[in-house]
Q: 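Have a look at this one.
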Amino acid sequence: MGSRKPVIAIDGPAGAGKTTVARRLAERLGYTLVETGTMYRAVAFGLVRDRVPQRDGPELRKYLEPLDVSLAGGRVYLNGEDVTGAIRTHEIAEATSRATTLAAVREKVTPLQRRAAAGGGVVLEGRDTGTVVCPDAQVKFYLTASLGTRAGRRHAELAARGVRASLDRVREDVRARDVQDETRELAPLKRAPDAIELDTSDLTVDEVVERMLTAIATRCSTRS
Ligand code: DC
């Protein structure tokens, strides 16, 4: 495998536990975490705030061209502005799901994600990291969980942040995002053929992370 540290790709639907697990895994490995959805959220935030029409065309491409999205120290910056807090709203989640169906947006963001992974020693977390962003990632995981489990987790996450929403509403949001993410034409959410699938419904975060560490050790030792 040479001296470059591996790239670990983690994909799966909303609420499968990717973010928590990816963060913990990156800590355990001493790797950099790249939450690819955060980069899309930052772009969507810019589109909403600057009232840019969310459809492919010259206006959108002109807006995107000079845009810079960067991750540093757990924060996300849009043209140098810290937008970490502003991107975690229901409105931006919806706008992001729409924006990620646009070719211009994916063409802008995918190379930034590849660049972030180029040096290795990275945990990439998202929807298409093992299929589109880094198809040559050394280890790929596809995390899943039942709809009920995923909605329950999202609901608890929102409550912890002081956002009130009924469980039914959250379940419908999660279901709607699944449909949008799985059926979009570009980079739809799907498991890479060589990804290791893990159903996290009945596993603790520690159990998931331990299984992943074992799989990484096995795959990387057999490929070196
Ligand atoms: O993981 P998240 O909730 O921050 O992702 C926000 C949105 O971006 C969600 O609708 C899925 C989409 N996304 C994507 O299309 N491709 C990625 N690599 C990551 C996220």
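In listed order, ligands and their atoms are each counted from 1.
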Q: For atom CG of Asp136, is the number of surrounding heavy atoms from other residues, nucleotides or ligands below 6.0 Å larger than 12?
A: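 Buried by this count: over 12 neighbours within 6.0 Å.
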Q: Within a radius of less than 6.0 Å around CZ of Arg49, do more than 12 heavy atoms belonging to other residues, nucleotides or ligands occur?
A: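 Correct, the count exceeds 12.
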Q: Which pairs of N or O atoms, one from ligand 1 and one from the protein, are separated by less than 3.5 Å, and what is the distance for each pair?
A:
unit_1: ligand 1; atom_1: 1 (O); unit_2: Arg127; atom_2: NH1; d: 3.1
unit_1: ligand 1; atom_1: 3 (O); unit_2: Arg41; atom_2: NH2; d: 3.0
unit_1: ligand 1; atom_1: 3 (O); unit_2: Arg177; atom_2: NH2; d: 2.9
unit_1: ligand 1; atom_1: 4 (O); unit_2: Arg41; atom_2: NE; d: 2.7
unit_1: ligand 1; atom_1: 15 (O); unit_2: Arg106; atom_2: NH1; d: 3.0
unit_1: ligand 1; atom_1: 15 (O); unit_2: Arg106; atom_2: NH2; d: 3.4
unit_1: ligand 1; atom_1: 15 (O); unit_2: Arg184; atom_2: NH1; d: 3.0
unit_1: ligand 1; atom_1: 15 (O); unit_2: Arg184; atom_2: NH2; d: 3.0
unit_1: ligand 1; atom_1: 16 (N); unit_2: Arg106; atom_2: NH2; d: 3.0
unit_1: ligand 1; atom_1: 18 (N); unit_2: Thr36; atom_2: OG1; d: 3.0
unit_1: ligand 1; atom_1: 18 (N); unit_2: Arg127; atom_2: N; d: 3.3
unit_1: ligand 1; atom_1: 18 (N); unit_2: Asp128; atom_2: OD1; d: 2.7

Q: Let me know which of Asp199, Leu189, Leu198, Asp194 forms a side-chain contact (heavy atoms from CB on, under 4.5 Å) with Tyr142.
A: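 Exactly one pass, corresponding to Leu189.
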Q: If you draw a 6.0 Å radius around CZ in Arg191, do more than 12 non-hydrogen atoms from other residues or ligands fall strictly inside?
A: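 Above 12, so yes.
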Q: For the side-chain contact (heavy atoms from CB on, under 4.5 Å) test, which of Glu172, Arg154, Glu182 pairs with Arg177?
A: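 Among the candidates, only Arg154 passes.
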Q: Salt-bridged, Asp178 to Arg175, with N to O below 4.0 Å?
A: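 Not counted as a salt bridge, because no side-chain N and carboxylate O are separated by less than 4.0 Å.
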